[in-house]
Amino acid sequence: MKEITIHYYASLRDLRGCAQETLSTEAESALQLFDELQRDQKLPSNRSHLKLAINDEFQAWETSLRSGDRVAFLPPFAGG
Amino acid sequence: MKEITIHYYASLRDLRGCAQETLSTEAESALQLFDELQRDQKLPSNRSHLKLAINDEFQAWETSLRSGDRVAFLPPFAGG
Amino acid sequence: MFEITTHPIEAAALGGHMHSSSCGAVVTFEGRVRDHNEGQSVLSLSYEAFEKLAVKEGAKIIEEAAQRFAINKACCVHRIGHLQIGDVAIWVGVCAGHRHAAFQACEYVIEQVKSRVPIWKKEFYEGATSHWIRMNVLSATASERF
Amino acid sequence: MFEITTHPIEAAALGGHMHSSSCGAVVTFEGRVRDHNEGQSVLSLSYEAFEKLAVKEGAKIIEEAAQRFAINKACCVHRIGHLQIGDVAIWVGVCAGHRHAAFQACEYVIEQVKSRVPIWKKEFYEGATSHWIRMNVLSATASERF
């Protein structure tokens, strides 16, 4: 099992109801982690509009996870 | 005969050796006036790079002249 | 230079830093809080950033602008927190030898920051309602579920 | 608004006037005196205008910008007289609801002013030499005469 911390920002934080959570998971990739978390409907069903960061870097959804990783699912940006 | 005042700016003033001159002419148009003045070589031989103003408005070279007109032959602009 | 700040953006002071004697052109962009958006009257805004990532991505954009366009310097500051109508949310300044490169680089920076930097905006409306901008694409997806 | 002035251009003060609460974007352009041009080291510049015509044509350009692009306001000030390296020779400011129109209008104004407004520039170089910019097209024509 891996220990993963997940951070939520803006609308995803509102949807999820928390700014961060730490959990133990067997998810191999960020994609698997998202699917696991999405089952309770407190995340969008479709991740096509989300971006992913691991340890403060943008990453592809297929990136493998390691214990201790900080993952963030990022809603559409709206700076400026 | 018409009384015409001609204004020169920037490089044309240097070439002509004066900022303005008033003269009596039988020139029908600004074009004819330019040709008349150009004969002493103190204006460019070719007016294709010059613009023309009469009484503080841009005008076409064919515009007829009336006594009292203020004419300006304008070298290429270089503002900004 | 790319910066995230919680303080008011002083466009005049920032503009004063953009100059060098080999620079013929300085182009600046200020994005300000408007009193309306998409037909709704807006009272105020709140910006939030994933700061560490935002600063990294912003710096990358500035570097790209310097490589793509013949400019001397580019700079961008984005404010976060609660902003009122008329407040400057983002400022971009570019100086260059010639004007066209300065215009292109300035527009490049603002476009890229808007699309690539993890910053979010919440609008506050009359009647104590509010809305995260662009969140609709997520809820649209959620409703398609049924 | 289009203005010719003999006084130093205070970009910061002008920028402060560009704002209105329906404006999301302010784009400004400053054209400054560079220390070089076409490979030559420049010491200072002198600008001269046919003022009456310049002000009329400048006002026309501002009006055109307001008609062509979705902007709230455009403003341009051109300084004349003797300018030193780093001095602002021309300032253009545009405010608009959205950024793209502001960029387009700002670049439109500076392009049009450069090509249509009767202003001339003389560069001063080391060794007390000087040169009217773009005068070469006239002398080229003169030399073709022979």
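Letters go in sequence order (proteins before strands), and every chain restarts at 1.
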Hey, is NZ on Lys56(C) packed in by over 12 heavy atoms from elsewhere, all under 6.0 Å?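 Counting other residues, nucleotides and ligands, NZ of Lys56(C) exceeds 12 neighbours.
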Non-hydrogen atoms of chain A under 4.5 Å away: do they reach the side chain of [X], the backbone, both or neither?
X         : result
Lys114(C) : both
Ala49(C)  : backbone
Ser115(C) : backbone
Ile119(C) : both
Val113(C) : neither

Within the 4.5 Å heavy-atom criterion, are [X] and [Y] side-chain neighbours or not?
X        : Y         : result
Pro75(A) : Trp120(C) : yes
Glu51(C) : Asp56(A)  : no
Phe58(A) : Pro118(C) : yes

Winner by heavy-atom pair count (cut-off under 4.5 Å) against chain A, out of Lys122(C), His131(C), Arg116(C):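 So the answer, after comparing Lys122(C), His131(C), Arg116(C), is Arg116(C).
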If we define contacts as heavy-atom pairs under 4.5 Å, which of Ile90(C), Ile110(C), Val117(C) has the most with chain A?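 Most heavy-atom pairs under 4.5 Å with chain A: Val117(C).
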Which atom names give the shortest non-hydrogen contact between Ala78(A) and Lys121(C), and what distance separates them?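 Scanning both residues, the minimum pair turns out to be O-CB, 3.3 Å.
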Considering all heavy atoms, the nearest Glu48(C)-Tyr9(A) contact: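 Reported closest heavy-atom pair: OE2-CD2, 3.5 Å.
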Value rounded to 0.5 Å, distance of [atom1] in [X] from [atom2] in [Y]:
X         : Y        : atom1 : atom2 : answer
Arg70(A)  : Lys52(C) : CZ    : NZ    : 5.5 Å
Phe50(C)  : Phe77(A) : CZ    : CZ    : 9.0 Å
Trp132(C) : Leu12(A) : CH2   : CG    : 10.5 Å
Leu53(C)  : His7(A)  : CG    : NE2   : 12.0 Å

Check whether His78(C) reaches the backbone of Gly80(A) with its side chain - one donor and one acceptor, N or O, closer than 3.5 Å.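 Pair found, side chain donor or acceptor close to backbone of Gly80(A).
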